[in-house]
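Read through the structure below, which is laid out as structure tokens, and then see the notes.
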Amino acid sequence: MTLSIHNTLHRTKEVFDPISADHVRMYVCGPTVYDYAHIGNARPVVIFDVLARLLRHLYPKVTYVRNITDIDDKINAASRESGEDIRAITERTAKVFQDDMAALGALPPDIEPRCTDHVTQMITMTEQLISSGNAYEADGHVMFHVPSMAEYGQLSRHSRDELIAGARIDVAPYKKDPADFVLWKPSDDLTPGWESPWGRGRPGWHIECSAMAQTYLGDEFDIHGGGQDLIFPHHENELAQSRCANHTNGMARYWMHNGYLMAEGEKMSKSLGNFYTVHDLLDEFPGEAIRLVLLQTHYRQPLDFTKEGIAEARRTLDKWYRFNDGNQSASDAIPDGIISALSDDLNTPKAIAELHRLTADPSEESKAAFLAGAQFLGLMQQELDDWFRWSPAGATEIDEAVVDALIAERTEARLGKNFARSDEIRDELAAQGIVLEDSVDGTTWKRG
RNA sequence: GGCGCGAUGGCGGAGAGGCUACGCAGCGGCCUGCAAAGCCGUGUACGCCGGUUCGAGUCCGGCUCGCGCCUCCA
């Protein structure tokens with residue numbers, strides 16, 4: 001099976017040709033842990049989780065690195081505002097992030113490095129950039145000198161002149177060139193800092209990824225991923241730093257970026273009330289339904305995320321859980337249709353259509369294939385009862401014994417043709433969000 | 001202003017120069033005491049204007065609308 005992926009570097013779909021077929025290496029930019037992840041942050045996590053699963057299926061060894069950024073001025077600002085210790089904020093937020101992503105069915109990456117553990121590597125890389133003539137120290141800062149790299153802008157396709165023309169902020173006086181960006185900056189006594197050859201300070205906001213990727217994946221690796229909004233400046237600057245420090249022609253062979261996400265037809269913003277954190281959504285919907293919404297749209301397409309969309313995805317999963325009534329086990333082989341769809345630049349909507357196609361055939365063979373395919377995509381992970389009896393956070397507890405007693409009473413009433421009482425019981429339960437289903441085998445219930 | 005992305009049937013969403021996408025919802029039917037679930041059947045589409053072609057959602061040009069990014073982040 002040939003894997004092809006869209007490479008942002010060339011803006012075309014290309015056949016994936018790893019540096020070493022024995023060991024595929026991928027780096028994805030992870031969260032800055034100062035606040036709960038919103039659904040836009042979850043999109044790359046789920047997308048690259050699918051890619052990691054696919055790579056592991058196609059290649060013998062895969063190393064997937066996704067960092068946690070725990071040094072950032074937004075974190076410092078959050079700490080100043082709330083008074084909470086920086087370490088406490090980052091630990092707490094990182095834990096919630098990991099739990100929330102697990103609830104979305106995303107497997108943990110192989111390595112999840114933190115910036116605070118890699119400051120030494122960042123300092124080393126910064127020193128390398130100074131000695132190679134690509135960076136300079138000025139006024140306590142170390143700056144990357146953009147004109148020192150001829151190919152700067154190759155990823156985002158911004159020319160240096162355009163950047164300067166479009167700049168929205170004043171140029172700091174210590175910059176040699178308006179396009180230069182920071183590698184290291186000084187910290188005052190109230191700000192976290194590390195000792196360095198340039199005094200006590202902290203890293204700029206791109207060098208972390210360059211340093212951590214180099215540490216775990218080497219000077220050059222296969223895939224670098226993230227959201228489209230990271231193309232510039234983050235990835236452009238990472239690319240420049242890594243190439244110049246490591247003396248390579250590229251950092252990653254393939255750069256992949258997922259499209260942006262809107263919520264309820266508008267850009268997500270707190271003031272519009274459509275700002276969804278994954279943590280809050282998980283109180284309201286099962287994680288698998290959220291995952292399915294994310295996979296139903298191709299990763300490079302814009303996605304309008306709506307609660308109605310999650311509800312619809314949940315109904316689709318209801319249907320799938322019914323189709324696979326809990327008695328099947330997944331076949332060993334992942335259906336070809338799933339693998340070939342995913343191998344075509346991660347065409348998850350097409351893979352999902354393939355799942356729908358398999359549900360049209362009620363044979364045991366098809367059910368086993370369906371289950372294998374769905375589970376490969378990180379879906380159909382629940383027990384049947386857990387899925388149908390899932391309830392939102394804060395919902396009233398259901399006393400199953402009471403429900404069973406009412407069902408028994410209703411069955412009696414139906415046998416006695418007392419349909420008035422029978423329907424009354426059904427309505428009563430429906431009011432509590434319980435839906436009854438009669439079949440030849442008796443009556444079962446689920447949460448509606 | 002610069003760079004880039006998107007526009008498909010009521011909704012979601014693939015595909016791609018000639019061939020059914022698919023799902024949801026709707027409608028008709030079967031089943032059911034009635035429902036629910038399930039099953040069968042069924043309608044509707046490619047933003048606008050030109051062009052290329054025997055033939056264009058699919059290629060080219062222009063336009064309209066929506067959106068992203070434009071550095072030490074907000």
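Residue numbers begin at 1 in each chain, while the letters A, B, ... track the order of the sequences.
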Touch class at under 4.0 angstrom, heavy-atom based, for N347(A) against every strand present: sugar-phosphate
Distance in angstrom units between H257(A) NE2 and C67(B) P, rounded: 23 Å
Spacing between Q301(A) atom CD and C46(B) atom C1', to the nearest angstrom: 14 Å
Whole angstrom value for the distance that separates C1' of U71(B) from CG of N237(A): 7 Å
Check: C34(B) base within 3.5 Å donor-acceptor of R426(A) side chain: yes
C22(B) versus G33(B) - spacing of their C1' atoms, nearest Å: 36 Å
Between G1(B) and C63(B) - P atom distance, rounded Å: 12 Å
Donor/acceptor link under 3.5 angstrom from T297(A) side chain onto base of G12(B): no
Under-4.0 Å salt bridge between E400(A) and R389(A): yes
Sugar-phosphate, base or nothing in reach of K417(A), heavy atoms under 4.0 Å: nothing
Length of the line joining R315(A):CZ and G38(B):P, which is rounded to integer Å: 12 Å
Atom P, compared across U20(B) and G43(B): separation rounded to whole Å: 13 Å
Gap between atoms CG and P, on D229(A) and C67(B) respectively (whole Å): 16 Å
Candidates G66(B), U71(B), A36(B) - which lies nearest the side chain of V435(A): A36(B)
Touch class at under 4.0 angstrom, heavy-atom based, for R414(A) against every strand present: base
C24(B) phosphate, OP1 or OP2, under 4.0 Å from K319(A) side-chain N/O: yes
Proximity to the side chain of W205(A) - top-ranked nucleotide from C73(B), G68(B), C70(B): C73(B)
Which nucleotide in C34(B), A14(B), C73(B) has an atom nearest any side-chain atom of D438(A): C34(B)
Parallel, tilted or perpendicular: ring planes of F376(A) versus H57(A), cut at 30 and 60 degrees: perpendicular
No-H, no-angle donor-acceptor pair, R322(A) side chain to A37(B) base, under 3.5 Å: no
P349(A) side-chain proximity, nearest of G13(B), A21(B), G66(B): G13(B)
Electrostatic pair D318(A):R315(A) at N-O distance under 4.0 angstrom: no
d(CG, D72(A); C1', A74(B)) in whole Å: 12 Å
Pair of N/O donor and acceptor under 3.5 Å linking G12(B) base with D304(A) side chain: no
Pair H257(A), H6(A): side-chain N/O donor-acceptor within cut-off below 3.5 Å: no
Under 3.5 Å side-chain donor-acceptor pair for E137(A) and H141(A): no
Intra- and inter-strand pairs of RNA chain B in dot-bracket (Watson-Crick or G-U wobble, both distances under 3.5 Å; | for another strand): (((((((..(((.....[...))).(((((.......)))))....(((((..]....))))))))))))....
Distance-only side-chain donor-acceptor flag, Y36(A) / N41(A), under 3.5 Å: no
Integer-rounded Å distance: C69(B) C1' and N258(A) CG: 14 Å
Side-chain donor-acceptor pair present, Q154(A), R243(A), cut-off under 3.5 Å: yes
Face-to-face contact F419(A) to G33(B) six-ring, under 5.5 Å, under 30°: yes
Touch class at under 4.0 angstrom, heavy-atom based, for H141(A) against every strand present: nothing
Shortest side-chain distance from H356(A), nucleotide among C24(B), C22(B), G33(B): C22(B)
Test side-chain hydrogen bond (donor to acceptor under 3.5 Å, both in side chains) applied to D438(A) and T443(A), T411(A), T444(A), the passing residue: T443(A)
Sugar-phosphate only, base, or nothing, as touched by Q296(A) at under 4.0 Å among non-hydrogen atoms: sugar-phosphate
Derivation and outcome, side-chain contact (heavy atoms from CB on, under 4.5 Å), residues M122(A) and E208(A): CA-CA 6 Å; M122(A) 297 183 216; E208(A) 37 167 300; 3.9 Å; yes
Glycosidic class, syn or anti, of G13(B) using a 90° window around 0: anti
Atom pair distance, as rounded to whole Å: CG in L355(A) and C1' in G13(B): 15 Å
